[in-house]
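Before any comments, here is the structure.
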Amino acid sequence: QVQLVESGGGLVQPGGSLRLSCAASGFTFSNYAMSWHRQGPGKERELVATITPTAGITNYGNSVKGRFTISRDNAKNTVDLQMNSLKPEDTAVYYCAARNRYYSGAYNYWGQGTQVTVSS
């Protein structure tokens, strides 16, 4: 069965770093664009970063550009999010998602989320 399992969340001080990982199983990982999304307290869910299925082309939301890096390993079926220079406004539940390359529109699969809290 399909699973996306995020890990690596936690409490970090402003200016610190954290690395999130998402382990995928139950589907052909290399056929899916992968992405990270987040939802802060009282806020709408926003797209953080995306990476294409095989070429590994990345895009970032403006709020994280230059600070976060998304990467994937198709041999391991994982996608990571390296977060540097963290700010309190980065506090959110971070979700991993997958979207099939052959279809447009909604994301096919979502992980359960992992909490990231940036606070002094």
Tell me, which pairs form a salt bridge (Lys or Arg N to Asp or Glu O under 4.0 Å) where one or both residues lie in [range], sequence neighbours left out?
{"range": "residues 98-120", "result": "none"}
{"range": "residues 1-15", "result": "none"}
{"range": "residues 61-75", "result": "R67-D90"}

Going by the rule ring pair (Phe, Tyr, Trp, His ring centres under 6.0 Å), which residues pair with [X] if we only count those two or more places apart in sequence or in a different chain?
{"X": "F29", "answer": "none"}
{"X": "F27", "answer": "Y32, Y109"}
{"X": "Y94", "answer": "none"}

Checklist line | side chain to side chain donor-acceptor pair (under 3.5 Å) against S30, all qualifying residues, sequence neighbours excluded | finding: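 None.
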
Checklist line | Residues forming a side chain to side chain donor-acceptor pair (under 3.5 Å) with Q3, sequence neighbours excluded | finding: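 Expected list: none.
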
Item checked: Path from Y95 to V116 over hydrophobic side-chain contacts below 4.5 Å ->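 No, because Y95 and V116 fall into different hydrophobic clusters, even though each may have its own neighbours under 4.5 Å.
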
Check: Given the rule that I, L, V, M, F, W and Y join up when any side-chain heavy atoms are under 4.5 Å apart, are L47 and V93 in one cluster?
Finding: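 Yes: a chain of side-chain contacts under 4.5 Å links L47 to V93.
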
Next item on the list: Can you measure from OG1 (T114) to CG (L81) and round to the nearest 0.5 angstrom?
Entry: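 So the OG1 of T114 and the CG of L81 are separated by 11.0 Å.
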
Contact summary for [X] and [Y], nearest pair of heavy atoms:
{"X": "N74", "Y": "N77", "value": "O-OD1, 3.1 Å"}
{"X": "V2", "Y": "G26", "value": "CG2-O, 3.5 Å"}
{"X": "I70", "Y": "S35", "value": "CD1-CA, 4.3 Å"}

Next item on the list: Enumerate the residue pairs fulfilling side-chain hydrogen bond (donor to acceptor under 3.5 Å, both in side chains) with a member in residues 40-59, sequence neighbours excluded, ordered by first and then second residue.
Entry: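 Applying side-chain hydrogen bond (donor to acceptor under 3.5 Å, both in side chains) to every pair that reaches into residues 40-59, excluding sequence neighbours, yields R38-E46.
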
Notebook entry, point to check: Does the side chain of L4 reach to within under 4.5 Å of the side chain of M34, using non-hydrogen atoms?
Noted result: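 Counting from C-beta outward, L4 and M34 do come under 4.5 Å.
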
Side-chain donor/acceptor pairs under 3.5 Å, residues 7-22, sequence neighbours excluded:
from : atom 1 : to  : atom 2 : distance (Å)
S17  : OG     : N84 : OD1    : 2.9
R19  : NE     : D80 : OD2    : 3.2
R19  : NH1    : Q82 : OE1    : 3.0
R19  : NH2    : D80 : OD2    : 3.0
S21  : OG     : D80 : OD1    : 3.0

Check: Can you name the one residue among T91, V118, T117 that meets side-chain contact (heavy atoms from CB on, under 4.5 Å) with L86?
Finding: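 Testing L86 for a side-chain contact (heavy atoms from CB on, under 4.5 Å) against T91, V118, T117 leaves exactly one candidate, V118.
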
Note to self: Quick test of your reading: applying ring pair (Phe, Tyr, Trp, His ring centres under 6.0 Å), list the pairs with at least one residue in residues 34-69, sequence neighbours left out, ordered by first then second residue.
What the structure shows: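 Every pair satisfying ring pair (Phe, Tyr, Trp, His ring centres under 6.0 Å) with a residue in residues 34-69: H37-Y107, H37-W110.
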
Notebook entry, point to check: Can you list the residues that meet the side-chain contact (heavy atoms from CB on, under 4.5 Å) rule with Y103, with sequence neighbours excluded?
Noted result: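 Y103 satisfies side-chain contact (heavy atoms from CB on, under 4.5 Å) with N100 once adjacent residues are dropped.
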
